[in-house]
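Below: one structure, written as structure tokens.
What's counted below: heavy atoms across the whole structure, side chains too, no hydrogens, waters or symmetry copies. Every chain is numbered from 1, with letters handed out A, B, ... down the list of sequences.
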Amino acid sequence: MAGEDNFFQKVYEVVRLIPYGRVTSYGAVARYLGSSRSARMVGWALNSSHNMDDIPAHRVVNRMGMLTGKHHFGGTSAMQQMLESEGVKVKGNTVCNFQGLLWDPNTEL
DNA sequence: CCCGTGACGGGGG
DNA sequence: CCCCCCGCCACGG
């Protein structure tokens, strides 16, 4: 049914809500889902979201704002390209003004 | 079945 | 400030 109890489904639902031009972190999503220590599973879930084009996985970075998952987007700059195409600047491997662009489901939702 | 690994994060030394 | 370990849990070898 819609709203399955699956952890993966819940991850997808939250990630889908990340606004254009904003970003969040694996840990923030995990915390919002009630298991703050399962940030790793959030990454695993997004790993399986490659076929779903309605999941903006590129808007999820680690708690420091680093693009730790860029290697899973094909090239080495695909993730960065996607972010910059929506106005999110990336310096080196980190999102510029991360705190300012951070969309934390725990406080925003 | 045991073990290493991973898109993480917090805590401790 | 850096490094290591632990919790989490699915998967492949």
Side-chain angles (χ1 to χ4, degrees):
Chain A
M1 309 298 112
E4 297 221 6
D5 265 8
N6 305 12
F7 185 74
F8 279 33
Q9 277 305 316
K10 290 185 175 178
V11 170
Y12 301 147
E13 287 172 28
V14 178
V15 173
R16 259 193 288 259
L17 299 177
I18 306 172
Y20 182 92
R22 303 289 297 283
V23 295
T24 193
S25 72
Y26 303 97
V29 174
R31 218 176 309 132
Y32 179 72
L33 296 182
S35 32
S36 57
R37 292 167 235 175
S38 300
R40 258 178 149 149
M41 292 299 99
V42 173
W44 187 255
L46 294 180
N47 205 28
S48 304
S49 74
H50 256 275
N51 279 321
M52 319 169 201
D53 42 341
D54 60 322
I55 311 292
H58 61 284
R59 296 182 190 146
V60 186
V61 296
N62 80 350
R63 69 159 168 161
M64 306 305 285
M66 296 191 279
L67 283 55
T68 49
K70 69 175 183 180
H71 207 55
H72 292 266
F73 284 81
T76 44
S77 58
M79 184 178 184
Q80 180 169 340
Q81 297 283 312
M82 294 169 84
L83 285 171
E84 298 194 314
S85 76
E86 47 186 86
V88 178
K89 292 181 182 175
V90 178
K91 177 118 183 179
N93 201 42
T94 307
V95 170
C96 296
N97 186 27
F98 175 58
Q99 286 304 319
L101 295 177
L102 178 60
W103 178 84
D104 186 342
N106 296 284
T107 58
E108 310 263 12
L109 226 43

Exercise for review: Pick the C1' atom in C:dC5 and in B:dG4, then give their distance to the nearest Å.
Suggested key: 16 Å
Check your understanding: Is any side-chain heavy atom of A:Arg59 closer than 4.5 Å to a side-chain heavy atom of A:Val88?
Key -> no
Exercise for review: Evaluate the side-chain proximity of A:Met79 to A:Val90: yes if any heavy-atom separation is below 4.5 Å, no if none is.
Suggested key: no
Exercise for review: Mind calculating the distance between CG (A:Asn47) and P (C:dC8) to the nearest angstrom?
Suggested key: 21 Å
Check your understanding: Within the distance-only criterion (no hydrogens, no angle test), does the side chain of A:Ser25 pair as donor or acceptor with the backbone N or O of A:Ala28 below 3.5 angstrom?
Key -> yes
Practice item. Check the distance between C:dC11's C1' and A:Phe8's CZ and give it to me in whole angstrom. Key: 10 Å
Point to revise | Min side-chain heavy-atom separation A:Glu13-A:Arg16 under 4.5 Å | key: yes
Exercise for review: Take atom NE2 of A:His50 and atom C1' of B:dG6, then tell me their distance rounded to the nearest Å.
Suggested key: 14 Å
Point to revise | Nucleic acid footprint by protein, nucleotides 8-13 of chain B - heavy-atom cut-off 4.0 Å, B for base, S for sugar-phosphate alone | key: BSS---
Point to revise | Separation of atom CE in A:Met41 from atom C1' in B:dG6, rounded to whole Å | key: 8 Å
Review point. With a 4.5 Å limit on heavy-atom distance, are the side chains of A:Phe98 and A:Val61 in contact?
Key: yes
Study note, to complete from the structure: A:Asn6 CG to C:dC9 C1', in whole Å, measures 15 Å
Study note, to complete from the structure: From the list A:Ile18, A:Leu83, A:Leu67, side-chain contact (heavy atoms from CB on, under 4.5 Å) with A:Val23 holds only for A:Leu83
Review point. Within a strict 4.5 Å, meaning less than it, do heavy atoms of the A:His72 and A:Asn47 side chains meet?
Key: yes
Review point. To the nearest angstrom, how far is A:Ile55 atom CD1 from B:dA7 atom C1'?
Key: 15 Å
Practice item. Take the angle between the ring planes of A:His50 and A:Phe73 and call it parallel below 30°, perpendicular above 60°, tilted in between. Key: tilted
Study note, to complete from the structure: Dot-bracket assigned to DNA chain C with the 3.5 Å Watson-Crick/G-U criterion, [ ] for crossing and | for other-strand pairs, is .||||||.|||||
Exercise for review: May I ask you to test the A:Tyr26-A:Arg63 pair for a side-chain heavy-atom distance under 4.5 Å?
Suggested key: no
Review point. Given atom CH2 of A:Trp44 and atom C1' of B:dG4, what is their separation to the nearest angstrom?
Key: 13 Å
